[in-house]
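Report on the structure given below.
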Amino acid sequence: MKKPKATKSVAKRRPAQKRPTRRPTPMRAEYDFSDGVRGKYAAAFARGANVVVLAPDVADEFPTASAVNRALRAYLKGKSPRRTA
């Protein structure tokens with residue numbers, strides 16, 4: 001008498017299907033940018049915004065931007081004025 005072969009139950013995998021790419025929704029008719037000016041406020045924003053990236057160890061010491069500003073103002077208050085040539 002022959003022993004029946006042991007069969008493994010293996011689920012066949014289907015090939016991965018690509019997700020359909022999202023198409024951007026068309027612009028609504030009520031949005032009219034035909035008279036728009038690119039970069040209209042860019043110069044004003046650039047003058048009023050200075051971005052400084054702190055090292056991670058320094059940033060860990062300050063919980064907020066206002067805490068950084070207070071520390072810098074206190075430092076500048078005790079420093080002598082800059083000399084210009």
Side-chain angles (χ1 to χ4, degrees):
M1 178 171 182
K2 283 187 170 182
K3 290 183 181 179
K5 289 185 178 180
T7 60
K8 292 183 180 178
S9 175
V10 178
K12 291 185 179 181
R13 290 188 177 185
R14 294 183 182 174
Q17 293 181 356
K18 291 183 179 178
R19 290 185 180 180
T21 56
R22 284 187 177 183
R23 292 184 182 175
T25 55
M27 184 72 69
R28 292 183 177 182
E30 61 264 23
Y31 298 142
D32 179 18
F33 295 109
S34 61
D35 292 330
V37 177
R38 182 180 286 269
K40 184 175 183 178
Y41 300 103
F45 178 75
R47 279 193 306 269
N50 287 334
V51 177
V52 178
V53 179
L54 301 175
D57 60 322
V58 174
D60 289 341
E61 298 297 319
F62 298 98
T64 63
S66 60
V68 174
N69 289 330
R70 279 194 307 271
L72 288 172
R73 285 186 183 106
Y75 170 77
L76 292 173
K77 200 176 214 181
K79 190 177 171 190
S80 63
R82 289 175 57 180
R83 287 190 237 166
T84 57

So which atom in A71 and which in F62 form the shortest heavy-atom distance, rounded to 0.1 Å? CB-CE2, 3.6 Å
Would you mind listing every salt bridge (Lys or Arg N to Asp or Glu O under 4.0 Å) that reaches into residues 56-77, with sequence neighbours excluded? none
Group every Ile, Leu, Val, Met, Phe, Trp and Tyr by side-chain heavy-atom contacts under 4.5 Å, then state whether Y41 and V37 land in the same group. no
Cluster overlap V53 with V68, hydrophobic side-chain contacts below 4.5 Å: no
